[in-house]
Amino acid sequence: LNRTLTIDLAHPEISLQDPEPFYNTTSQDINFTFRATDNMAAVLSCSLYINGSFSAVNSSVINGSLTTFEKTGLSEGLSQNWTINCTDYAGNSYQAPERHFSIDATPPIASFGNMPIDNYNYSSRSLLFELYCTDNIAPHTLELWADWTGSWHANQTNSSPVNNSVWSVLVEGIPEGTWSWGAYCNDTLGNSDWTDVNRTLTIDITKPQICLLYTSPSPRDRTRSRMP
């Protein structure tokens with residue numbers, strides 16, 4: 001009676017398929033897909049690791065087939081990572097290089113500061129505006145929108161706003177008139193928000209004019225005094 005001996009020194013190979021490197025999403029549900037191959041084993045045991053921690057295992061991965069771990073309710077955060085570790089029946093194991101992904105499902109909140117208040121009247125064409133953006137991770141862009149140039153568009157842009165910190169920006173050359181303005185901001189994954197309402201301001205730099213009208217008194221209004 002002969003006995004059979006199998007020598008297997010080669011570890012499995014793993015090809016991460018999806019999500020792609022540096023994947024950005026606003027969903028907290030992600031499917032992690034990979035392909036594991038081995039020189040001898042028909043079935044492999046493969047585990048999913050997210051941010052360095054064990055997340056799931058499949059002990060019946062078919063050699064060479066696409067396999068998916070469906071994960072729901074993942075935590076929000078930037079620069080997270082995932083990888084797959086597979087082991088064959090001989091105990092040879094291999095872990096694929098990490099891939100990074102970001103999840104941001106919460107939109108920011110655009111807000112006004114204290115100045116200028118709504119329905120503000122001002123006698124100068126230069127005015128200081130206060131606005132800010134609050135995000136659960138980090139804001140990306142904060143913009144002041146207004147219509148005093150003839151159309152509604154971004155008038156001032158802050159490309160590196162500080163989270164939940166007032167941005168004060170001086171705008172010069174505002175023409176006379178009554179104008180609307182508001183704030184817009186977004187985060188790194190494109191979630192965005194507008195201030196719930198716009199504010200109104202009036203610029204009036206023209207001084208009032210006073211015109212004095214003189215009317216000659218009528219004869220009835222005149223009196224004459226005669227000395228005795």
Side-chain angles (χ1 to χ4, degrees), residues 1-110 132-142 157-165 184-193:
L1 180 63
N2 295 323
R3 293 185 175 182
T4 300
L5 176 66
T6 299
I7 303 297
D8 182 3
L9 300 178
H11 62 69
E13 297 293 336
I14 302 171
S15 174
L16 302 182
Q17 301 291 314
D18 194 64
E20 63 188 4
F22 303 104
Y23 177 65
N24 295 324
T25 181
T26 58
S27 173
Q28 292 179 263
D29 304 335
I30 298 179
N31 293 336
F32 297 91
T33 302
F34 66 97
R35 188 191 305 274
T37 58
D38 191 74
N39 63 327
M40 301 184 70
V43 178
L44 301 164
S45 178
C46 297
S47 299
L48 169 67
Y49 287 84
I50 297 178
N51 298 325
S53 299
F54 171 81
S55 181
V57 63
N58 184 341
S59 299
S60 304
V61 174
I62 305 302
N63 187 1
S65 66
L66 286 175
T67 304
T68 298
F69 287 107
E70 298 180 359
K71 299 297 295 183
T72 61
L74 295 171
S75 299
E76 294 185 71
L78 305 180
S79 299
Q80 302 188 67
N81 63 77
W82 71 283
T83 187
I84 299 292
N85 184 293
C86 291
T87 303
D88 63 20
Y89 63 81
N92 301 304
S93 64
Y94 175 72
Q95 182 164 300
E98 296 176 346
R99 280 189 178 181
H100 291 84
F101 66 96
S102 296
I103 298 175
D104 188 353
T106 304
I109 300 174
Y132 64 97
C133 183
T134 304
D135 190 64
N136 64 319
I137 298 177
H140 180 262
T141 302
L142 177 58
T157 299
N158 185 345
S159 299
S160 54
V162 178
N163 196 6
N164 199 32
S165 180
Y184 165 87
C185 69
N186 63 15
D187 59 26
T188 53
L189 267 68
N191 301 303
S192 62
D193 186 50

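Classified by interplanar angle (parallel below 30°, tilted 30° to 60°, perpendicular above 60°), the ring pair Phe69/Phe34 is parallel. A perpendicular orientation is assigned to the rings of Phe54 and Tyr49, their planes being inclined by more than 60° (bins at 30° and 60°).
The CG atom of Asn63 sits 6.0 Å away from atom OG1 of Thr37, with the distance rounded to the nearest 0.5 Å. Note that CD of Glu76 and CD1 of Ile103 are 8.0 Å apart. Values are rounded to the nearest 0.5 Å. Atoms NE2 and CG, on His11 and Asp38 in that order, are 10.0 Å from each other to the nearest 0.5 Å. With rounding to the nearest 0.5 Å, the separation of OG in Ser15 from CD1 in Ile84 is 11.0 Å. With rounding to the nearest 0.5 Å, the separation of CZ in Phe101 from CZ in Phe32 is 4.5 Å. With rounding to the nearest 0.5 angstrom, the CG atom of Leu142 is 11.0 Å from the CG atom of Asp193.
The main-chain N or O of Gly73 is found under 3.5 Å from a side-chain atom of Asp29 such that the two form a donor-acceptor pair. At distances below 3.5 Å, not a single donor-acceptor pair connects side-chain atoms of Thr141 with backbone N or O atoms of Ser159. At distances below 3.5 Å, at least one donor-acceptor pair connects side-chain atoms of Asn163 with backbone N or O atoms of Asp135. In terms of modelled atom types and a separation under 3.5 Å, the side chain of Thr68 and the main chain of Glu70 share no donor-acceptor contact.
Counting heavy atoms from C-beta outward, Arg99 and Tyr23 have side chains that stay 4.5 Å or more apart. Between Thr33 and Thr67, the closest side-chain pair of non-hydrogen atoms is not below 4.5 Å. Contact check for Thr25 versus Ile30: side-chain heavy atoms found under the 4.5 Å cut-off. Between Leu16 and Trp82 there is a side-chain heavy-atom pair separated by less than 4.5 Å. Within the 4.5 Å cutoff, no side-chain heavy atoms of Thr188 are placed close to those of Ile137. Taking the side chain as every heavy atom from C-beta outward, Asn92 and Pro12 approach each other to under 4.5 Å. Counting heavy atoms from C-beta outward, Pro139 and Pro161 have side chains that approach closer than 4.5 Å. Side-chain contact between Glu98 and Thr83: present, with at least one pair of heavy atoms (C-beta onward) separated by less than 4.5 Å.
Contact between Asn24 and Ser102 at its shortest, heavy atoms only, is OD1-CB, 3.4 Å. When all heavy atoms are compared, the tightest approach of Val57 to Ser47 is CG2-OG, 3.4 Å. Of all non-hydrogen atoms in Asn81 and Gly52, the two that sit nearest each other are OD1-N, 3.7 Å. Smallest separation of non-hydrogen atoms from Pro107 and Asn191: CA-CB, 3.6 Å.
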*Yes or no on side chain to side chain contact (heavy atoms under 4.5 Å, CB included) for Leu74 and Gln80, after CA distance, side-chain angles and deciding distance?*
CA-CA 11 Å; Leu74 295 171; Gln80 302 188 67; 5.9 Å; no
_Working note: Ile62 + Val43, criterion side chain to side chain contact (heavy atoms under 4.5 Å, CB included); need CA distance, chi angles, decisive distance, verdict._
CA-CA 5 Å; Ile62 305 302; Val43 178; 4.3 Å; yes
_Using the rule given for side chain to side chain contact (heavy atoms under 4.5 Å, CB included), can you reason through Leu78 versus Leu189, listing the C-alpha separation, both sets of side-chain angles and the distance that settles it, and then say yes or no?_
CA-CA 10 Å; Leu78 305 180; Leu189 267 68; 3.9 Å; yes
